[in-house]
Colleague: 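A single structure is presented below for examination.
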Amino acid sequence: GPFARALAAGHGAADRCLVGGDFNCVLHPDDQAGGALGVARLRGGRELDAAMTGAGVGDAWRRLHPGQAGAPAFTHMGSNGAGSSHARIDRWLVSEALLADPCWVRSVFVLAPGALPGDHMGVGMRLACPELPPLGRGPWRLPHWALGSQNYRIAMDNCLLSFFAHCPS
């Protein structure tokens, strides 16, 4: 569908891609409990899995918590005529290149019930860029994060060269 095409068109395993949202389906039967279990929440899961594979992205929570099922992972609590049900339908999709390096995705976690309005719990993710030098201390500090960018360093070099070329001796 359109999501799979958009995901595959611009990003993938070679890029640094983060996509978060409510995908309204589970990818695995272990990602649901209670109520009328069966195929309803699995609808769309196969297509989502194919889109993820095609675009080179993976489920960050599942990668950090392989084989874990149950309450800590559920992001949606619902009720209908069949009773209450719980499922993990909200997730972060992250490019395989970032997931392969344990320095990038530090943690993925479900926010506490009630932290957000509605019947979903948010899913948080902590990232760290392993290429950046540590920050300095003091009231003013050089933006060390920028030194991790080759484009920034090239731009600064060009600015300095231009400045000194036009500077009186």
Side-chain angles (χ1 to χ4, degrees), residues 1-132 134 145-146 148-152:
F3 174 74
R5 285 192 300 277
L7 190 59
H11 299 288
D15 291 325
R16 294 178 179 169
C17 178
L18 307 170
V19 178
D22 169 4
F23 292 92
N24 266 339
C25 64
V26 297
L27 295 172
H28 196 274
D30 288 344
D31 288 339
Q32 61 181 344
L37 297 180
V39 297
R41 282 214 172 113
L42 290 169
R43 257 185 242 129
R46 194 173 307 144
E47 293 82 359
L48 177 60
D49 190 46
M52 291 166 54
T53 301
V57 297
D59 181 344
W61 189 90
R62 179 60 63 206
R63 190 66 56 91
L64 294 178
H65 304 93
Q68 183 176 340
F74 294 145
T75 63
H76 178 260
M77 310 297 186
S79 61
N80 57 27
S84 64
S85 65
H86 317 292
R88 191 174 75 85
I89 58 176
D90 306 276
R91 60 182 51 85
W92 279 101
L93 306 180
V94 178
S95 60
E96 292 292 347
L98 296 181
L99 288 174
D101 184 345
C103 294
W104 275 99
V105 180
R106 296 300 175 110
S107 65
V108 180
F109 51 92
V110 177
L111 299 176
L116 298 173
D119 57 354
H120 290 256
M121 272 74 72
V123 180
M125 182 168 57
R126 285 193 181 90
L127 303 172
C129 181
E131 301 163 358
L132 298 180
W145 57 267
S149 165
Q150 184 177 4
N151 290 338
Y152 177 83

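Sequence positions, counted from 1, serve as the residue numbers for this chain.
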Colleague: Could you give the distance from CG (Leu48) to CG (Asn24), rounded to the nearest 0.5 Å?
Modeller: 11.0 Å

Colleague: Give me the atom names and distance for the closest heavy-atom approach of Val26 to Ala87.
Modeller: CG1-CB, 3.9 Å

Colleague: If you take all heavy atoms of Arg88 and Phe74, which pair is closest and at what distance?
Modeller: N-CD2, 3.9 Å

Colleague: Checking the side chain of Trp92 only, and the main-chain atoms of Val123 only, is there a donor and an acceptor separated by less than 3.5 Å?
Modeller: yes

Colleague: If I compare all heavy atoms of Asp90 with all of Met121, which pair ends up nearest, and what's the gap?
Modeller: OD2-O, 4.2 Å

Colleague: Can you measure from CG (Leu27) to CD (Glu47) and round to the nearest 0.5 angstrom?
Modeller: 10.5 Å

Colleague: Hey, are the side chains of Leu98 and Leu127 touching, using non-hydrogen atoms and a 4.5 Å cut-off?
Modeller: no

Colleague: Which heavy atom of Val94 sits nearest to which heavy atom of Ala60, and what is that distance?
Modeller: CG2-CB, 3.8 Å

Colleague: What heavy-atom pair brings Cys17 and Val57 nearest, and what distance separates the two atoms?
Modeller: SG-CG1, 4.2 Å

Colleague: Rounded to the nearest 0.5 Å, what separates atom CZ in Arg62 from atom CG in Asp30?
Modeller: 7.0 Å

Colleague: Which pair of non-hydrogen atoms, one from Phe23 and one from Leu93, has the smallest distance, and what is that distance?
Modeller: CZ-CD1, 3.7 Å

Colleague: Can you confirm whether Val108 sits close enough to Arg91 that some side-chain heavy atom of one is under 4.5 Å from a side-chain heavy atom of the other?
Modeller: no

Colleague: Roughly how far, to the nearest 0.5 Å, is the CE atom of Met52 from the CD atom of Glu96?
Modeller: 8.0 Å

